[in-house]
Amino acid sequence: QIFDFDTDFTPDDWVQFKIREWGKESFGTITIESRHKRKDGRIFPVEVYVNLINYQGKIFSLSIIRDISVSKKTENQLQLLNYALDHVKETVALIDENAKICYSNANGYQIRGYSHDEMLDLSVADVDPDFPLEHWSTHWQDLKTHGSLTFESRHKTKEGRIFPVEISANYFEFDGQSYNLGFVRDISERKETEKQLHLLNFAFDHINEGIWLMNENANTDYLNEAACRSLGYTREEALKLRVSDFDPDYPMEHWAKYWDELKTKGSLFFESRHKTKDGHIFPVEVNVTYFEFDGISYNFAISRDISERKQTQEALQRSETLLSEAQRIAHIGSWEVDFSNGELLWTDENYRIWEIDKSQSGAKVVAFYETLTPDDFEKVAKAYTESVANKTLYQIEHRLLFPDGRIKYIAERGEPFLDEKGNITRFVGTSMDITEQQRIKEILEFVAQRGWKDSGELFLHALAQYLAQIFDVDY
């Protein structure tokens, strides 16, 4: 019976078939697909053509059965291929020699805003503004000559939006017809990344600092124009350099130690020296950062030529040295009070005048007040307080009394500095040791007062006693 070899046909199906078909006035051919089973149990697909025949008043079913295993396999493979193509993230299109779109996968029509049927009604010129029909024959001949082409173009959606694409076109012939199987990828993100990269490179090439990208072998993987200019190399020449070629302070035998330190700390900031192509050496300030990308370790460095700063620092150091020497020779020190924190700053000569150790900087305020003579303490405090309150010049002479009894005479001048609101921000002044001038003044006063009273040996004896007292010597 049919049911013994047709797994899809049951006795109920046969009853329904007879009711539905045998009651008709005329018969035609019925085509169905089913599955048959061999004696060994293997099942295979079949296509059945059923013809009903009325012979001598009796109805027969004459069936022609064809094994469609091969066609089913091909059909399944085609379905799998279509399914796969509809799930890739780029467009797959089949174009004929007249620029007609013969096939498009789902990505092709969906991202362009068309339905499947609408897409198949279009030509290349409808979706690619860079390939009008008048240019198609030239392109087709070029593709036919080379066999395949890869290029960038632009595609247009149904709404008119233009986006960049990369196209891989492949020429082939089938059944006497020429075709182009094209793979089209939307490269909007890549173009945006390239734009950002170009912008970053442009920015790097228009700054004054040198930008370096070094790998763990001390090779140069990237540098900007400023780095090339600073060393006098072309970019091609500079990319062949290792760190030791332009930094004499980092020979290769020290590189491993430096790399380990950078990797441990993550970033370093230091001064070094760079050497130009012609051998000139100049100082640099370098800020380096360690990072890893795609499994590779890198050193990203920013270098700054600090030649001018060094020259300025040296000039400033010389000026400070000259000022310090001038103050030492003239016995003039300078001081400043920072009103934001109340800190008192002294130059070296102030420490020498007050005879305290510079390393004990916190002692200077104490030393200032403790060495004032009792008679001068209140006078100095009053003069400074009034100058601050009235925002006027500070000027006073006072004495310093040291533990061994010595006295120094000091002349001080100061001036307040105000901000835009009229508040004092700092008070700057000078302290001049006028002890010698004061002694000379006192000697002259003694001569003037005693010279007319005494004469000869008596005057000289009195003068000698007075000088011995002033200079603290025995007479």
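Positions are given from 1 along the sequence. Treat the numbers as computed from the prediction; the structure is a model and nothing was measured.
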| request: Ignoring hydrogens and angles, state whether a donor on the side chain of Ser104 or Arg112 is under 3.5 Å from an acceptor on the partner side chain. | output: no
key: Arg273 atom CZ, neighbour heavy-atom count above 12 within 6.0 Å   = yes
Applying side-chain contact (heavy atoms from CB on, under 4.5 Å) to Arg235 and Tyr222, what does each step give before you reach the verdict? CA-CA 9 Å; Arg235 189 184 294 271; Tyr222 169 84; 4.1 Å; yes
Short side-chain donor-acceptor distance under 3.5 Å, Thr145 and Asp142 = no
Closest heavy-atom pair, Glu292 versus Tyr290, reported as atoms and distance to 0.1 Å, is OE2-OH, 2.7 Å
Heavy-atom nearest pair, His280 first then Asp278, reads N-OD1, 3.3 Å
In terms of relative ring orientation, are Phe270 and Tyr258 parallel, tilted or perpendicular, with 30° and 60° separating the classes? perpendicular
**OP:** Could you tell me whether the side chain of Val92 reaches within less than 4.5 Å of the side chain of Leu181, counting heavy atoms only?
**Re:** yes
Taken to the nearest 0.5 Å, the spacing of Tyr103 OH from Leu120 CG works out to 9.5 Å
Counting neighbours of CZ on Phe282 that are heavy atoms of other residues, nucleotides or ligands and sit closer than 6.0 Å, is the number greater than 12? yes
Does any non-hydrogen side-chain atom of Lys275 lie less than 4.5 Å from one of Ile281?
yes
Salt bridge or not for Lys191 and Glu194, using N-O below 4.0 Å? yes
_Taking Lys100's backbone N and O only, do any of them form a donor-acceptor pair with Asn98's side chain (distance below 3.5 Å, no angle check)?_
no
d(Asp117 CG, Leu122 CG) to nearest 0.5 Å is 11.0 Å
Sidechain-backbone polar pair: Asp294 side chain, Ile296 backbone, donor-acceptor under 3.5 Å = no
Expected output: side-chain Thr220 to main-chain Leu241 donor-acceptor under 3.5 Å
yes
In this structure, CD1 of Ile396 is separated from CG of Asp376 (nearest 0.5 Å) by 7.0 Å
Paired with Phe339, the side chain to side chain contact (heavy atoms under 4.5 Å, CB included) test is passed by just one of Ile424, Asp419, Asn423, namely Ile424
Minimal heavy-atom distance between Asn107 and Val88, with the atoms involved, is CB-O, 3.8 Å
Exercise. Check whether any side-chain heavy atom of Tyr394 sits under 4.5 Å from a side-chain heavy atom of Val380, and report yes or no.
Key: yes
- Does Lys382 NZ have over 12 foreign heavy atoms under 6.0 Å away? no
Original post:
Side chain of Asn224, backbone of Asp205: donor and acceptor closer than 3.5 Å?
Top reply: no
- Query: Would you say Thr74 and Leu78 make side-chain contact, with heavy atoms under 4.5 Å?
  - Reply: no
What one should report as the nearest heavy-atom pair of Ile162 and Pro129 is CD1-CG, 4.1 Å
Electrostatic pair Lys263-Glu216, nearest N-O below 4.0 angstrom: no
Separation between CG (Leu94) and CD1 (Ile101), nearest 0.5 Å, reads 10.5 Å
*asked:* Angle between ring planes, Trp346 versus Trp354, binned at 30° and 60°: parallel, tilted or perpendicular?
replied: tilted
Within the distance-only criterion (no hydrogens, no angle test), does the side chain of Asp245 pair as donor or acceptor with the backbone N or O of Arg242 below 3.5 angstrom? yes
Taking everything shown except Gln77 itself, do over 12 heavy atoms lie less than 6.0 Å from its CD? yes
- Does Lys265 pair with Glu261 as a salt bridge, N-O distance under 4.0 Å? yes
Checklist entry - Do side-chain atoms of Thr347 reach the backbone of Ser334 as a donor and acceptor pair under 3.5 angstrom? => result yes
If we only count heavy atoms from C-beta on, is the Leu372 to Leu400 side-chain gap below 4.5 Å? yes
| said: Less than 3.5 Å apart, any donor N or O on the side chain of Thr373 or Asp375 sitting next to an acceptor on the other? | reply: no
Check your understanding: Any luck finding a side-chain donor-acceptor pair between Tyr409 and Glu397 under 3.5 Å?
Key -> no
What one should report as the nearest heavy-atom pair of Ile407 and Leu401 is CG1-CD1, 3.8 Å
**Message:** Looking at Glu343, is its backbone amide N or carbonyl O close enough to the side chain of Asp338 to form a donor-acceptor pair, meaning the two atoms are under 3.5 Å apart?
**Reply:** no
*For atom CD of Glu436, is the number of surrounding heavy atoms from other residues, nucleotides or ligands below 6.0 Å larger than 12?*
no
Might you work through the side-chain contact (heavy atoms from CB on, under 4.5 Å) test for Thr430 and Met432, ending with a clear yes or no? CA-CA 6 Å; Thr430 60; Met432 182 177 182; 5.8 Å; no
Output for pair (His146 NE2, Asn170 CG), nearest 0.5 Å, gives 13.5 Å
Open item on the list: Between Asp121 and Glu118 (side chain of the first, backbone of the second, donor and acceptor by atom type, cut-off under 3.5 Å), is there such a pair?
Closed with: no
Phe300 ring center near Phe293 ring center (under 6.0 Å): no
Residues Asp186 and Pro164: closest non-hydrogen pair is OD1-O, 3.5 Å
*Residue pair Phe131, Phe151: steps toward the ring pair (Phe, Tyr, Trp, His ring centres under 6.0 Å) verdict*: CA-CA 12 Å; Phe131 278 90; Phe151 53 92; 5.6 Å; yes
Residue pair Phe183, Glu166: steps toward the side-chain contact (heavy atoms from CB on, under 4.5 Å) verdict = CA-CA 8 Å; Phe183 298 89; Glu166 182 183 75; over 6 Å; no
- request: With side-chain contact (heavy atoms from CB on, under 4.5 Å) as the test, would you mind laying out the steps for Trp212 and Val243 before giving the verdict?
  value: CA-CA 10 Å; Trp212 309 80; Val243 172; over 6 Å; no
*If you draw a 6.0 Å radius around CD in Glu134, do more than 12 non-hydrogen atoms from other residues or ligands fall strictly inside?*
yes
Distance col, row Ser244:OG vs Asp249:CG, nearest 0.5 angstrom, shows 12.0 Å
**Message:** Using only atom types and a distance under 3.5 Å, with no angle test, would you say the side chain of Asn287 pairs donor to acceptor with the backbone of Ile302?
**Reply:** no
- Task: Would you indicate whether the side-chain heavy atoms of Asp96 and Gln177 approach each other to under 4.5 Å?
- Result: no
| Can you tell if the side chain of Val127 reaches within under 4.5 Å of the side chain of Lys156, non-hydrogen atoms only? | no
message: Between Arg352 and Asp433, does any side-chain N to carboxylate O distance fall below 4.0 Å?
response: no
Counting heavy atoms not belonging to Glu253, are there more than 12 under 6.0 Å from its CD? yes
| field | Sub-4.5 Å side-chain heavy-atom contact between Arg309 and Glu285 | value | yes
**Prompt:** Backbone N or O of Ile353 within a donor-acceptor pair of the Lys408 side chain at under 3.5 Å?
**Reply:** yes
| What do you reckon, are the aromatic ring centroids of Tyr384 and Phe427 less than 6.0 Å apart? | yes
